[in-house]
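Let me begin by presenting the structure, written as structure tokens, before commenting on it.
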Protein chains: 2
Amino acid sequence: MSKRELSYLTDLQSKPLRVDRGKELVHEGEAGQTAYIFQSGWACSFKLLPDGGRQIISFPVPGDCVGLRSMLLRTSDHSLSTVTEATIIPIQAARVKHMFNEFPYLGTALLWATSRDEAMIVEHLVSVGRRNAIERTAHFILELHDRLELVGLAADHKFHCPLNQYVLADALGLSTIHVNRVLRQLRTRELATFKAHEITIHNIAGLKALAGYASPEESLVVVRDGIERDGF
Amino acid sequence: MSKRELSYLTDLQSKPLRVDRGKELVHEGEAGQTAYIFQSGWACSFKLLPDGGRQIISFPVPGDCVGLRSMLLRTSDHSLSTVTEATIIPIQAARVKHMFNEFPYLGTALLWATSRDEAMIVEHLVSVGRRNAIERTAHFILELHDRLELVGLAADHKFHCPLNQYVLADALGLSTIHVNRVLRQLRTRELATFKAHEITIHNIAGLKALAGYASPEESLVVVRDGIERDGF
DNA sequence: ACGCATTGTTAACCTGTGTTAGCCTCGACT
DNA sequence: AGTCGAGGCTAACACAGGTTAACAATGCGT
């Protein structure tokens, strides 16, 4: 990346903004004129169902960028709310569009970033579709751990996690009560503990085995061990 | 789009290629040097699990383009197999990368296309996470119908669908047997019939009500009817 | 310190979905 | 025509997970 590109990227960012927890930053179907970088605090993107239920798609954590995609589309296809108080850096759509013309190369970088997001959503889909409640929860904890470790927010197999069991249920496609049961089981089996907004992984190998979790680097290998079936 | 851009897009495409059904075009973890446009035939993209299960992510149908994303990343995060015999148009990665520099505007178009894909995956995640078997199946049928209608492959609430119940199960996160039960129920309730590779929707209003399905155009409205809950 | 709201925890019961096992149908091949 | 295999269909049973209903902790505001 050239100096000019970098300085442009810096210019793109507005002043950090503090928002309360539970604030809906983007409403589904709304025109998405703004993207945000999360400097601190957690959020969740989700879709509501006609019956009032909801499915959480992902949890942006500090360092993550959201809404870039919906800037280009007319509207956002899901809502976004903060889970905790947060500091965000808004990015204006107009400037991003200008950037696309000025520095085409950055467009590719952006495409790369959105691809990473999509990979996470796909993994989430696999979890919900084909893993049972405990595997799914274990997988979720491991993924969160790896993501947070990457930005220095997890150490020693321990990290802060401001989610409650209701939110967890909406993310994992389970009922609150069952989340509670599963967490208890993880505790009893001495794999991981979720207490007072802090997750501690006691036995990371055991947890990975349970979840069928492939660390980002190993992910290529594990799949080949699976029994291969043909495509139809 | 300028004439020059259009002709460039045409140049990009190689000769159509005929492939057998059940052919794995992309293997998970593989470097994705090629993208494909499906001219005819169906495919499915999926992830395999260590225990041999799989989750189907999406079904590319004629007119769809796949693999553009994984060309930019080092590797593809999921596999792709044909479901039927198919005619595909391969697109070379090198030429696409060149295109990005030459016509930055097309990069945005590409980003737009991948965003549409992602929206579909998100909807799939919502289905699997928060709809029960019959709602999920109904939703799937409706989505397929709308997609195929768009490319002229569905008419009169009827369309060809070469998927068997095993494949359906892997897509919907259900067991084969349960897919069978659900299809029977849809038939009995005179909502839709899946027979001899052909899906017929008998009562589209009823099916939409059951699925909580929002047509692409109406999708903005329906969600606001849901009971709103705050973001945490 | 008190009361209230939020979140966590547990038990009992019920239902949706998975599992196992088998039979039927149809088309492809010999 | 007969065999074989793939895919569809059904039934009986088992179990994971959902539902309902309490109650216990915790934290917050007054």
Side-chain angles (χ1 to χ4, degrees), chain A residues 20-22 42 49 51-55 83-85 127-138 140 160-189 192-200 210 229-232, chain B residues 20-22 42 49 51-55 83-85 127-138 140 160-189 192-200 210 229-232:
Chain A
D20 288 342
R21 74 176 211 156
W42 288 44
L49 290 159
D51 70 355
R54 73 169 176 174
Q55 175 65 47
V83 172
T84 63
E85 201 188 28
S127 251
V128 174
R130 282 297 181 214
R131 286 189 250 259
N132 66 23
I134 195 165
E135 293 166 359
R136 208 182 295 175
T137 309
F140 178 79
H160 175 76
C161 172
L163 310 176
N164 63 29
Q165 299 187 350
Y166 293 83
V167 177
L168 228 48
D170 281 343
L172 298 172
L174 299 169
S175 68
T176 319
I177 287 80
H178 204 62
V179 167
N180 185 283
R181 287 197 276 248
V182 166
L183 290 179
R184 189 201 322 173
Q185 234 192 307
L186 288 175
R187 206 184 316 135
T188 312
R189 291 163 68 171
T193 308
F194 188 171
K195 192 104 189 169
H197 288 179
E198 181 143 301
I199 296 184
T200 312
L210 172 62
R229 299 158 61 185
D230 61 5
F232 58 105
Chain B
D20 288 342
R21 75 175 209 154
W42 289 43
L49 290 158
D51 70 355
R54 73 168 176 174
Q55 175 65 46
V83 172
T84 64
E85 200 186 29
S127 253
V128 173
R130 283 295 179 216
R131 287 189 250 259
N132 65 23
I134 195 164
E135 294 166 358
R136 208 183 296 175
T137 309
F140 178 79
H160 176 75
C161 171
L163 310 176
N164 63 29
Q165 299 186 351
Y166 294 83
V167 178
L168 229 49
D170 281 343
L172 299 172
L174 299 169
S175 68
T176 319
I177 286 80
H178 204 62
V179 167
N180 185 283
R181 285 196 277 248
V182 166
L183 290 179
R184 188 202 324 175
Q185 234 192 307
L186 288 175
R187 206 184 316 135
T188 312
R189 291 163 68 171
T193 308
F194 187 171
K195 192 105 190 169
H197 287 180
E198 181 143 300
I199 295 184
T200 312
L210 172 62
R229 297 160 61 187
D230 60 6
F232 57 103

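Proteins come first, then strands; the chains are lettered A, B, ... in the order of their sequence lines, and each starts at number 1.
- Between the CZ atom of Arg184(A) and the C1' atom of dG8(C) there is a distance of 11 Å, given to the nearest Å.
- Contacts of Glu85(A) classified as side-chain hydrogen bond (donor to acceptor under 3.5 Å, both in side chains), with partners at least two apart in sequence or in another chain: Arg18(A).
- With the end axes of the helix from dA1(C)-dT30(D) to dT30(C)-dA1(D) each set by five pairs, the angle from one to the other reads 40° at 10° resolution.
- Here the C1' atom of nucleotide dG18(C) and the CD atom of Glu135(A) are 14 Å apart, to the nearest Å.
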Please list, for nucleotides 15-17 of chain C, all pairs of protein and nucleotide N/O atoms separated by less than 3.5 Å.
from, atom 1, to, atom 2, distance (Å)
dT17(C), OP1, Ala133(B), N, 2.9
dT17(C), OP2, His178(B), NE2, 3.4

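- The side chain of Ile177(B) approaches dT20(C) more closely than any other nucleotide in the set dT9(C), dT20(C), dC9(D).
- Between dT9(C) and Asn180(A), a contact under 4.0 Å exists linking OP1 or OP2 to a side-chain N or O.
- In this structure, CG of Asn164(B) is placed 18 Å from P of dG5(D), rounded to the nearest angstrom.
- When the C1' atom of dA24(D) is taken as reference, atom CD of Gln165(A) falls 13 Å away, rounded to whole Å.
- Following rounding to the nearest Å, Gln185(B) (CD) and dG8(D) (C1') show an atom-to-atom distance of 17 Å.
- Regarding Glu198(B), its CD atom lies at a distance of 15 Å from the P atom of dG8(D), rounded to whole Å.
- Here the C1' atom of nucleotide dG8(C) and the NZ atom of Lys195(A) are 8 Å apart, to the nearest Å.
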